[in-house]
Participant: 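Just passing along the structure, written as C-alpha coordinates.
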There are 2 protein chains.
Amino acid sequence: MATGKNENDTGIPLDRMIQPMLLMLILKKPTHGYELIQSFNAVHEGEIVEPGTIYRNLRRMEREGFVLSGWEASESGPARRKYDITEDGIKALQEAVLKLEKQKQQIEDFLTEYNDLPNKGGHSIEN
Amino acid sequence: MATGKNENDTGIPLDRMIQPMLLMLILKKPTHGYELIQSFNAVHEGEIVEPGTIYRNLRRMEREGFVLSGWEASESGPARRKYDITEDGIKALQEAVLKLEKQKQQIEDFLTEYNDLPNKGGHSIEN
DNA sequence: TTACCTATGTGCACTTTACACTTAAGGTTT
DNA sequence: AAACCTTAAGTGTAAAGTGCACATAGGTAA
(Lines give C-alpha, C1' and ligand atoms only; values in the text may rest on other atoms or scores of the structure.)
Protein backbone atom coordinates (compact mmCIF):
# COMPACT_ATOMS: atom_id res chain seq x y z
CA MET A 1 0.00 0.00 0.00
CA ALA A 2 1.31 1.66 -0.30
CA THR A 3 1.70 4.78 1.39
CA GLY A 4 4.61 6.36 -0.39
CA LYS A 5 7.18 8.37 1.51
CA ASN A 6 6.07 8.74 5.07
CA GLU A 7 8.62 9.97 7.55
CA ASN A 8 7.19 12.67 9.79
CA ASP A 9 3.57 11.67 9.67
CA THR A 10 1.15 11.41 12.53
CA GLY A 11 -0.56 8.21 11.58
CA ILE A 12 -2.63 6.18 9.23
CA PRO A 13 -5.13 8.85 8.29
CA LEU A 14 -7.20 8.55 5.15
CA ASP A 15 -5.64 5.24 4.32
CA ARG A 16 -7.62 3.91 1.39
CA MET A 17 -10.49 6.28 2.18
CA ILE A 18 -9.83 8.96 -0.39
CA GLN A 19 -11.90 7.37 -3.14
CA PRO A 20 -15.07 6.81 -1.09
CA MET A 21 -14.75 10.26 0.47
CA LEU A 22 -14.42 11.89 -2.94
CA LEU A 23 -17.39 9.93 -4.26
CA MET A 24 -19.51 11.01 -1.31
CA LEU A 25 -18.54 14.66 -1.69
CA ILE A 26 -19.33 14.57 -5.43
CA LEU A 27 -22.62 12.81 -4.77
CA LYS A 28 -23.55 15.56 -2.33
CA LYS A 29 -22.61 18.27 -4.81
CA PRO A 30 -20.96 17.90 -8.22
CA THR A 31 -17.86 20.07 -8.23
CA HIS A 32 -14.25 20.40 -9.36
CA GLY A 33 -10.94 19.20 -7.96
CA TYR A 34 -9.75 22.41 -6.39
CA GLU A 35 -12.89 22.75 -4.33
CA LEU A 36 -12.71 19.10 -3.31
CA ILE A 37 -9.21 19.70 -2.00
CA GLN A 38 -10.55 22.50 0.15
CA SER A 39 -13.52 20.48 1.39
CA PHE A 40 -11.17 17.66 2.21
CA ASN A 41 -8.74 19.78 4.16
CA ALA A 42 -11.54 21.67 5.89
CA VAL A 43 -12.95 18.48 7.39
CA HIS A 44 -9.62 17.05 8.50
CA GLU A 45 -8.06 20.15 9.98
CA GLY A 46 -4.33 19.83 10.10
CA GLU A 47 -4.15 16.70 7.99
CA ILE A 48 -3.42 18.03 4.52
CA VAL A 49 -4.26 15.88 1.53
CA GLU A 50 -1.91 16.35 -1.39
CA PRO A 51 -3.52 18.04 -4.41
CA GLY A 52 -1.80 15.55 -6.67
CA THR A 53 -3.46 12.69 -4.81
CA ILE A 54 -6.89 14.24 -5.28
CA TYR A 55 -6.41 14.99 -8.98
CA ARG A 56 -5.00 11.55 -9.71
CA ASN A 57 -7.85 9.83 -7.91
CA LEU A 58 -10.35 11.88 -9.89
CA ARG A 59 -8.72 10.98 -13.24
CA ARG A 60 -8.57 7.33 -12.24
CA MET A 61 -12.20 7.28 -11.16
CA GLU A 62 -13.21 8.73 -14.49
CA ARG A 63 -11.18 6.05 -16.30
CA GLU A 64 -13.04 3.45 -14.26
CA GLY A 65 -16.42 5.00 -14.97
CA PHE A 66 -17.26 6.14 -11.44
CA VAL A 67 -17.43 9.82 -12.37
CA LEU A 68 -17.85 11.96 -15.47
CA SER A 69 -16.23 15.34 -16.05
CA GLY A 70 -16.59 18.36 -18.27
CA TRP A 71 -14.81 21.68 -18.56
CA GLU A 72 -16.53 24.67 -17.10
CA ALA A 73 -15.53 28.32 -17.39
CA SER A 74 -14.87 30.25 -14.21
CA GLU A 75 -15.89 33.90 -13.67
CA SER A 76 -12.31 34.66 -12.71
CA GLY A 77 -9.43 32.27 -13.22
CA PRO A 78 -8.64 29.18 -15.26
CA ALA A 79 -11.29 26.70 -16.40
CA ARG A 80 -12.41 23.99 -14.02
CA ARG A 81 -13.05 20.34 -14.64
CA LYS A 82 -16.35 19.64 -12.98
CA TYR A 83 -17.12 16.09 -11.83
CA ASP A 84 -20.42 14.30 -11.45
CA ILE A 85 -21.00 10.80 -10.09
CA THR A 86 -22.33 7.97 -12.27
CA GLU A 87 -24.54 5.00 -11.41
CA ASP A 88 -21.40 2.85 -11.29
CA GLY A 89 -19.88 5.40 -8.95
CA ILE A 90 -22.84 5.16 -6.61
CA LYS A 91 -22.48 1.38 -6.63
CA ALA A 92 -18.76 1.70 -5.95
CA LEU A 93 -19.56 3.98 -3.04
CA GLN A 94 -22.05 1.49 -1.64
CA GLU A 95 -19.48 -1.30 -1.92
CA ALA A 96 -16.86 0.87 -0.25
CA VAL A 97 -19.30 1.46 2.61
CA LEU A 98 -19.70 -2.29 3.08
CA LYS A 99 -15.94 -2.73 3.10
CA LEU A 100 -15.48 0.07 5.59
CA GLU A 101 -18.09 -1.44 7.89
CA LYS A 102 -16.15 -4.70 7.80
CA GLN A 103 -12.90 -2.88 8.38
CA LYS A 104 -14.37 -1.02 11.33
CA GLN A 105 -15.53 -4.31 12.84
CA GLN A 106 -12.09 -5.76 12.32
CA ILE A 107 -10.42 -2.85 14.07
CA GLU A 108 -12.87 -3.13 16.95
CA ASP A 109 -12.15 -6.85 17.30
CA PHE A 110 -8.44 -6.14 17.33
CA LEU A 111 -8.74 -3.37 19.92
CA THR A 112 -10.94 -5.54 22.14
CA GLU A 113 -8.42 -8.33 21.97
CA TYR A 114 -5.59 -5.91 22.70
CA ASN A 115 -7.34 -4.43 25.71
CA ASP A 116 -7.89 -7.90 27.13
CA LEU A 117 -4.14 -8.53 27.16
CA PRO A 118 -2.68 -8.67 30.66
CA ASN A 119 0.89 -7.86 29.59
CA LYS A 120 0.53 -5.06 27.07
CA GLY A 121 2.72 -2.73 29.09
CA GLY A 122 5.75 -4.71 30.21
CA HIS A 123 7.77 -7.30 28.35
CA SER A 124 6.65 -10.88 27.96
CA ILE A 125 8.56 -13.57 29.83
CA GLU A 126 11.57 -14.78 27.88
CA ASN A 127 11.49 -18.44 26.96
CA MET B 1 0.00 0.97 -0.77
CA ALA B 2 -1.05 -0.45 -2.17
CA THR B 3 -2.75 -3.63 -2.36
CA GLY B 4 -1.22 -5.31 -5.38
CA LYS B 5 -3.32 -7.21 -7.86
CA ASN B 6 -6.87 -7.25 -6.63
CA GLU B 7 -9.48 -8.55 -9.00
CA ASN B 8 -11.68 -11.10 -7.31
CA ASP B 9 -11.25 -9.94 -3.77
CA THR B 10 -13.91 -9.43 -1.17
CA GLY B 11 -12.74 -6.20 0.30
CA ILE B 12 -10.28 -4.15 2.21
CA PRO B 13 -9.55 -6.75 4.86
CA LEU B 14 -6.43 -6.52 6.95
CA ASP B 15 -5.39 -3.38 5.18
CA ARG B 16 -2.42 -2.12 7.12
CA MET B 17 -3.35 -4.36 10.08
CA ILE B 18 -0.99 -7.23 9.47
CA GLN B 19 1.91 -5.78 11.44
CA PRO B 20 -0.03 -4.96 14.62
CA MET B 21 -1.86 -8.28 14.47
CA LEU B 22 1.39 -10.19 14.14
CA LEU B 23 2.92 -8.23 17.00
CA MET B 24 -0.05 -8.98 19.22
CA LEU B 25 0.02 -12.68 18.40
CA ILE B 26 3.76 -12.86 19.10
CA LEU B 27 3.31 -10.94 22.33
CA LYS B 28 0.70 -13.45 23.43
CA LYS B 29 2.91 -16.37 22.55
CA PRO B 30 6.30 -16.34 20.81
CA THR B 31 6.07 -18.61 17.80
CA HIS B 32 7.07 -19.19 14.18
CA GLY B 33 5.70 -18.00 10.86
CA TYR B 34 3.84 -21.10 9.82
CA GLU B 35 1.84 -21.18 13.01
CA LEU B 36 1.12 -17.45 12.70
CA ILE B 37 -0.31 -18.07 9.25
CA GLN B 38 -2.64 -20.65 10.72
CA SER B 39 -3.66 -18.46 13.66
CA PHE B 40 -4.28 -15.64 11.22
CA ASN B 41 -6.43 -17.67 8.91
CA ALA B 42 -8.25 -19.32 11.79
CA VAL B 43 -9.46 -15.97 13.13
CA HIS B 44 -10.52 -14.54 9.78
CA GLU B 45 -12.33 -17.51 8.35
CA GLY B 46 -12.51 -17.33 4.60
CA GLU B 47 -10.10 -14.45 4.29
CA ILE B 48 -6.77 -16.09 3.50
CA VAL B 49 -3.59 -14.20 4.21
CA GLU B 50 -0.76 -14.97 1.82
CA PRO B 51 2.14 -16.84 3.45
CA GLY B 52 4.55 -14.58 1.58
CA THR B 53 2.96 -11.55 3.18
CA ILE B 54 3.38 -13.00 6.66
CA TYR B 55 6.99 -14.06 6.13
CA ARG B 56 7.94 -10.75 4.57
CA ASN B 57 6.36 -8.79 7.41
CA LEU B 58 8.23 -10.89 9.94
CA ARG B 59 11.59 -10.34 8.23
CA ARG B 60 10.89 -6.62 7.93
CA MET B 61 9.90 -6.33 11.57
CA GLU B 62 13.12 -8.01 12.58
CA ARG B 63 15.10 -5.56 10.41
CA GLU B 64 13.30 -2.74 12.22
CA GLY B 65 13.95 -4.21 15.63
CA PHE B 66 10.37 -5.04 16.61
CA VAL B 67 11.00 -8.76 16.89
CA LEU B 68 13.94 -11.13 17.34
CA SER B 69 14.20 -14.60 15.86
CA GLY B 70 16.15 -17.81 16.30
CA TRP B 71 16.11 -21.21 14.64
CA GLU B 72 14.43 -24.00 16.48
CA ALA B 73 14.36 -27.70 15.59
CA SER B 74 11.03 -29.38 15.02
CA GLU B 75 10.22 -32.92 16.15
CA SER B 76 9.12 -33.71 12.63
CA GLY B 77 9.77 -31.44 9.68
CA PRO B 78 12.10 -28.60 8.76
CA ALA B 79 13.46 -26.15 11.31
CA ARG B 80 11.34 -23.19 12.38
CA ARG B 81 12.28 -19.59 12.88
CA LYS B 82 10.77 -18.65 16.20
CA TYR B 83 9.96 -14.99 16.85
CA ASP B 84 9.78 -13.04 20.08
CA ILE B 85 8.74 -9.42 20.52
CA THR B 86 11.15 -6.71 21.72
CA GLU B 87 10.57 -3.60 23.81
CA ASP B 88 10.56 -1.57 20.59
CA GLY B 89 7.99 -3.99 19.22
CA ILE B 90 5.74 -3.43 22.22
CA LYS B 91 6.05 0.32 21.69
CA ALA B 92 5.28 -0.10 17.98
CA LEU B 93 2.21 -2.11 18.93
CA GLN B 94 1.07 0.61 21.32
CA GLU B 95 1.52 3.24 18.63
CA ALA B 96 -0.36 1.10 16.14
CA VAL B 97 -3.23 0.87 18.61
CA LEU B 98 -3.42 4.66 18.79
CA LYS B 99 -3.46 4.91 15.02
CA LEU B 100 -6.15 2.26 14.73
CA GLU B 101 -8.30 4.12 17.24
CA LYS B 102 -7.98 7.23 15.09
CA GLN B 103 -8.72 5.27 11.96
CA LYS B 104 -11.78 3.70 13.55
CA GLN B 105 -13.07 7.15 14.48
CA GLN B 106 -12.50 8.33 10.94
CA ILE B 107 -14.43 5.42 9.48
CA GLU B 108 -17.25 6.04 11.92
CA ASP B 109 -17.40 9.72 10.94
CA PHE B 110 -17.54 8.74 7.28
CA LEU B 111 -20.27 6.14 7.81
CA THR B 112 -22.34 8.58 9.88
CA GLU B 113 -22.08 11.17 7.14
CA TYR B 114 -22.99 8.57 4.53
CA ASN B 115 -26.01 7.37 6.44
CA ASP B 116 -27.26 10.95 6.74
CA LEU B 117 -27.34 11.27 2.94
CA PRO B 118 -30.87 11.45 1.55
CA ASN B 119 -29.94 10.32 -1.97
CA LYS B 120 -27.52 7.44 -1.45
CA GLY B 121 -29.69 5.05 -3.43
CA GLY B 122 -30.82 6.81 -6.59
CA HIS B 123 -28.91 9.13 -8.86
CA SER B 124 -28.37 12.76 -8.05
CA ILE B 125 -30.12 15.39 -10.16
CA GLU B 126 -28.16 16.27 -13.28
CA ASN B 127 -27.12 19.88 -13.53
C1' DT C 1 10.86 -43.72 -5.91
C1' DT C 2 7.10 -40.81 -5.71
C1' DA C 3 4.21 -37.99 -3.30
C1' DC C 4 2.77 -35.14 0.34
C1' DC C 5 3.09 -32.02 4.41
C1' DT C 6 5.67 -28.74 6.92
C1' DA C 7 8.30 -24.50 6.75
C1' DT C 8 10.57 -20.44 4.85
C1' DG C 9 11.30 -17.48 1.46
C1' DT C 10 11.83 -14.72 -3.42
C1' DG C 11 10.46 -12.50 -8.08
C1' DC C 12 7.42 -9.75 -10.32
C1' DA C 13 3.46 -7.02 -11.29
C1' DC C 14 0.41 -3.86 -9.52
C1' DT C 15 -1.70 -0.17 -6.63
C1' DT C 16 -1.59 3.83 -3.86
C1' DT C 17 0.54 7.70 -1.90
C1' DA C 18 3.98 11.76 -0.63
C1' DC C 19 6.90 15.13 -2.27
C1' DA C 20 8.43 18.07 -5.67
C1' DC C 21 7.71 20.29 -9.73
C1' DT C 22 5.29 22.17 -14.07
C1' DT C 23 1.86 24.56 -16.81
C1' DA C 24 -1.50 27.94 -17.49
C1' DA C 25 -5.38 31.51 -16.96
C1' DG C 26 -6.57 35.64 -14.85
C1' DG C 27 -6.16 39.49 -11.59
C1' DT C 28 -3.38 42.93 -8.71
C1' DT C 29 0.47 45.74 -7.63
C1' DT C 30 4.41 48.53 -8.75
C1' DA D 1 4.75 46.55 -19.05
C1' DA D 2 6.74 43.63 -15.60
C1' DA D 3 6.39 41.17 -11.48
C1' DC D 4 3.66 38.75 -8.57
C1' DC D 5 -0.35 36.23 -6.51
C1' DT D 6 -4.32 33.15 -6.71
C1' DT D 7 -6.85 29.70 -8.86
C1' DA D 8 -6.80 25.30 -11.24
C1' DA D 9 -5.08 20.97 -13.05
C1' DG D 10 -1.92 18.08 -13.67
C1' DT D 11 3.01 14.93 -14.07
C1' DG D 12 7.55 12.48 -12.52
C1' DT D 13 9.53 9.72 -9.36
C1' DA D 14 10.43 7.04 -5.35
C1' DA D 15 8.69 4.41 -1.68
C1' DA D 16 5.77 0.98 0.55
C1' DG D 17 2.68 -2.93 0.82
C1' DT D 18 0.25 -6.79 -1.22
C1' DG D 19 -1.31 -10.95 -4.33
C1' DC D 20 0.09 -14.58 -7.14
C1' DA D 21 3.20 -17.77 -8.61
C1' DC D 22 7.16 -20.14 -7.83
C1' DA D 23 11.51 -22.08 -5.49
C1' DT D 24 13.75 -24.65 -1.88
C1' DA D 25 14.32 -28.03 1.60
C1' DG D 26 13.48 -31.41 5.60
C1' DG D 27 10.67 -35.25 6.98
C1' DT D 28 7.18 -38.93 6.53
C1' DA D 29 4.27 -42.36 4.30
C1' DA D 30 2.71 -45.20 0.32
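A, B, ... follow the sequence lines: proteins, then strands. Residue 1 opens every chain. Fair warning: this is a prediction, and the values are worked out from it, not measured in the lab.
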Participant: Output the distance between atom CD1 (B/I18) and atom CG (B/L23), rounded to the nearest 0.5 Å.
Facilitator: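 Going from the CD1 atom of B/I18 to the CG atom of B/L23 covers 12.0 Å.
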
Participant: Which is true for B/I18 with a 4.0 Å heavy-atom rule: it touches a base, it touches only sugar-phosphate, or it touches nothing?
Facilitator: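 Sugar-phosphate contact only.
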
Participant: Could you check how far CG of A/N57 sits from P of D/dG10, rounded to whole Å?
Facilitator: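 From A/N57 CG to D/dG10 P: 13 Å.
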
Participant: Which nucleotide wins on minimum distance to the side chain of A/T53, given the candidates D/dG10, C/dA18, D/dA8?
Facilitator: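 Nearest to the side chain of A/T53 among the choices is C/dA18.
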
Participant: Taking all atoms of both residues into account, what is the closest heavy-atom pair of A/P30 and A/K82, and its distance?
Facilitator: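 Closest approach of A/P30 to A/K82: O-CE, 3.6 Å.
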
Participant: Nearest whole Å is fine: how far is C/dA18 P from A/I54 CD1?
Facilitator: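 From A/I54 CD1 to C/dA18 P: 9 Å.
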
Participant: To the nearest 10°, give me the bend of the helix from C/dT1-D/dA30 to C/dT30-D/dA1, comparing the axes of its five terminal pairs at either end.
Facilitator: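 Rounded to the nearest 10 degrees, the bend comes out at 20°.
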
Participant: Starting at CD of B/Q38 and ending at C1' of C/dC5, how long is that distance when rounded to a whole Å?
Facilitator: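 Answer to the nearest Å: 11 Å.
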
Participant: Nearest-Å distance, CD (B/E75) to P (D/dT28)?
Facilitator: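 Taking CD of B/E75 and P of D/dT28, I get 10 Å after rounding.
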
Participant: Measure CZ/A/R56 against P/D/dT11 and give the value in whole Å, please.
Facilitator: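 After rounding, the reported distance stands at 7 Å.
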
Participant: Looking for any heavy atom pair under 4.0 Å, which part of the strands does B/R60 touch: base, sugar-phosphate only, or nothing?
Facilitator: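 Counting heavy atoms under 4.0 Å across all strands, the contact made by B/R60 is with sugar-phosphate only.
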
Participant: Look at A/E101 together with A/K104 and state whether they make a salt bridge at an N to O cut-off of under 4.0 Å.
Facilitator: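 A/K104 and A/E101: not salt-bridged.
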
Participant: Show your working on side chain to side chain contact (heavy atoms under 4.5 Å, CB included) between A/Y55 and A/I37 and close with a plain yes or no.
Facilitator: CA-CA 9 Å; A/Y55 288 121; A/I37 292 165; 3.8 Å; yes

Participant: Tell me: CD1 of A/I48 to C1' of C/dT17, nearest whole Å?
Facilitator: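 In whole Å, C/dT17 C1' and A/I48 CD1 are 15 Å from each other.
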
Participant: Think A/Y34 has a side-chain N or O under 4.0 angstrom from the OP1 or OP2 of D/dT7?
Facilitator: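 Answer yes for this pair, as a side-chain N or O of A/Y34 is under 4.0 Å from OP1 or OP2.
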
Participant: Looking at every strand, decide which applies to A/R59 at a 4.0 Å heavy-atom threshold: base, sugar-phosphate, or nothing.
Facilitator: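 The answer is sugar-phosphate, as A/R59 gets under 4.0 Å only of primed atoms, P, OP1 or OP2.
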
Participant: Taking the basic N atoms (NZ, or NE/NH1/NH2) and the acidic carboxylate oxygens, is any pair closer than 4.0 Å for A/K28 and B/E113?
Facilitator: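 Counted as a salt bridge, because a side-chain N and a carboxylate O are separated by less than 4.0 Å.
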
Participant: For A/I54 versus A/G33, what's the shortest heavy-atom pair and its separation?
Facilitator: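 Where A/I54 meets A/G33 most closely, the heavy atoms are CG2-O, 4.2 Å.
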
Participant: Classify the side chain of A/R81 and the base of D/dG10 as holding, or not holding, a donor-acceptor pair under 3.5 Å.
Facilitator: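 By the distance-only test, no, there is no pair.
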
Participant: Between A/E35 and A/R80 (salt bridge meaning N to carboxylate O under 4.0 Å), is one present in this structure?
Facilitator: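 Not counted as a salt bridge, because no side-chain N and carboxylate O are separated by less than 4.0 Å.
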
Participant: May I ask you to verify whether the side chain of A/R16 and the base of D/dG17 hold a donor-acceptor pair under 3.5 Å?
Facilitator: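 In this structure, the two groups form no donor-acceptor pair.
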
Participant: Taking the side chain of B/R80 as its heavy atoms from C-beta onward, which of C/dC19, C/dT8, D/dC20 lies nearest to it?
Facilitator: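 Nearest nucleotide to the side chain: C/dT8.
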
Participant: Can you check the A/D15 CG to C/dA18 C1' distance for me, whole Å?
Facilitator: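 Taking CG of A/D15 and C1' of C/dA18, I get 13 Å after rounding.
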
Participant: Which comes earlier along DNA chain C counting from the 5' end, the contact point of A/Q19 or that of A/E50, where each point is its nearest nucleotide?
Facilitator: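 Per heavy-atom nearest nucleotide, the more 5' residue is A/Q19.
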
Participant: For A/S76 and C/dG27, is the shortest distance between a side-chain N/O and OP1 or OP2 below 4.0 Å?
Facilitator: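 The answer is no; no side-chain N or O of A/S76 sits under 4.0 Å from OP1 or OP2.
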
Participant: B/W71 CH2 to C/dT6 C1': how many Å, rounded?
Facilitator: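 Answer to the nearest Å: 12 Å.
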
Participant: Between B/I85 and B/F66, what is the shortest heavy-atom contact and its length?
Facilitator: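 For B/I85 versus B/F66, the nearest heavy atoms are CG1-O, 3.6 Å.
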
